[in-house]
Amino acid sequence: MLGSITPLGERSRGMSWPVTVAAFAVGAVAAGALAGGLLGALGALLGLRETAALAVLAASSAGGLALDLRRGGRRLPGPRRQVDERWLHRYRGWVYGVGFGFQLGAGVLTVVTTSAVYLMLLAAFLSGSWESGAVIGVIFGAARAASLLPGRRVRSPAAVVAIDGRLRRLEAPARRLTAAAVACVFAASLVLAVL
């Protein structure tokens, strides 16, 4: 789906790539802020001490890392659906932009490919405040919105093939980088919990 939202794809549907991308970003950031803020508010009700919250985050990131590395053949839980690509031909660019962005910015409304998504939601919850949770969600949503930027130069069918190949080559390094980030969350939260 994200490969369809390029200048070439938008032009073929009579839409504007900047408008669709801006709408996607608004949807992704809004969903991230909403999910993070709600989880932070719920976490405030629990009232965990900082040390306990960090210990939970450390343990969860260790478990998430194991799942990301596919230890024991386990897969991440979550939906197995993607966004509905039929929207591309039914609605205006800003409508599917907001809709797709919202689904991806919420984190768990489409396929979850890394435990980092769950860790973001857990961190928002463990922050214990709607403000902190919303900030965490906004950062996540903005990162999701940035996923459209690699397609900004796609203006020909040959460019579609080229970027598809480039993204396929980057898939394994991206998985390793994400696993390294989850490992860093584990190490940092463990150290902070102990201090």
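No donor-acceptor distance shorter than 3.5 angstrom exists from the side chain of Y118 to the backbone of V112, with no hydrogens or angles considered. Side-chain atoms of R153 do not come within 3.5 Å of backbone N or O of P7 as any donor-acceptor pair. No donor-acceptor distance shorter than 3.5 angstrom exists from the side chain of S60 to the backbone of L57, with no hydrogens or angles considered.
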Can you give the donor-acceptor pairs under 3.5 Å from side chains of residues 29-38 to other protein atoms, not counting sequence neighbours?
none

Donor-acceptor contacts under 3.5 Å from residues 184-195 side chains, at least two apart:
{"residue": "S189", "atom": "OG", "partner": "A58", "partner atom": "N", "Å": "3.3"}
{"residue": "S189", "atom": "OG", "partner": "V185", "partner atom": "O", "Å": "2.6"}
{"residue": "S189", "atom": "OG", "partner": "F186", "partner atom": "O", "Å": "3.2"}

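Here the straight-line distance linking atom CZ of R166 with atom CD of E171 works out to 15.5 Å at 0.5 Å rounding. Between atom CZ of residue R169 and atom CG of residue D164 there is a gap of 9.5 Å, rounded to the nearest 0.5 Å. In this structure, OG on S12 lies 7.5 Å from NE2 on H89, to the nearest 0.5 angstrom. Once rounded to the nearest 0.5 Å, the distance linking CZ of R13 with CG of L8 reads 9.0 Å.
Counting heavy atoms from C-beta on, the side chains of T20 and F100 never come closer than 4.5 Å. The shortest side-chain heavy-atom distance between L104 and F24 falls under the 4.5 Å cut-off. Considering only heavy atoms from C-beta on, R152 comes within 4.5 Å of W17 through its side chain. Side-chain atoms of D68 and R175, non-hydrogen and from C-beta on, never get closer than 4.5 Å to each other. When side chains are defined from C-beta on, W87 does not count as touching V95, because their heavy atoms never get closer than 4.5 Å. Side-chain contact between V117 and R144 is present, with heavy atoms from C-beta onward closer than 4.5 Å. Using a 4.5 Å cut-off on side-chain heavy atoms (C-beta onward), L76 and S115 make contact.
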- Item | side chain to side chain contact (heavy atoms under 4.5 Å, CB included) assessment of L46 paired with F125 | CA-CA 9 Å; L46 185 60; F125 177 78; 3.7 Å; yes
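Hydrophobic clustering, with ILVMFWY side chains joined whenever heavy atoms are under 4.5 angstrom apart, keeps V83 apart from V111. Note: the hydrophobic cluster containing L48 also contains L122 (ILVMFWY, side chain heavy atoms under 4.5 Å, direct or indirect links). Cluster membership for L119 and L54, using ILVMFWY side-chain heavy atoms within less than 4.5 angstrom, is not shared. Taking hydrophobic clusters as Ile, Leu, Val, Met, Phe, Trp and Tyr residues chained together by side-chain heavy-atom distances below 4.5 Å, L88 does not share a cluster with V98. Linking ILVMFWY side-chain heavy atoms closer than 4.5 Å, directly or via other members, places V19 and V26 in two distinct hydrophobic clusters.
Residues satisfying the side chain to side chain donor-acceptor pair (under 3.5 Å) criterion with T110, sequence neighbours excluded, are absent altogether.
Within 6.0 Å of the CD atom in E50, the count of heavy atoms belonging to other residues, nucleotides or ligands does not exceed 12.
The minimum heavy-atom distance between A146 and P150, with the atom names listed, is O-CD, 3.5 Å.
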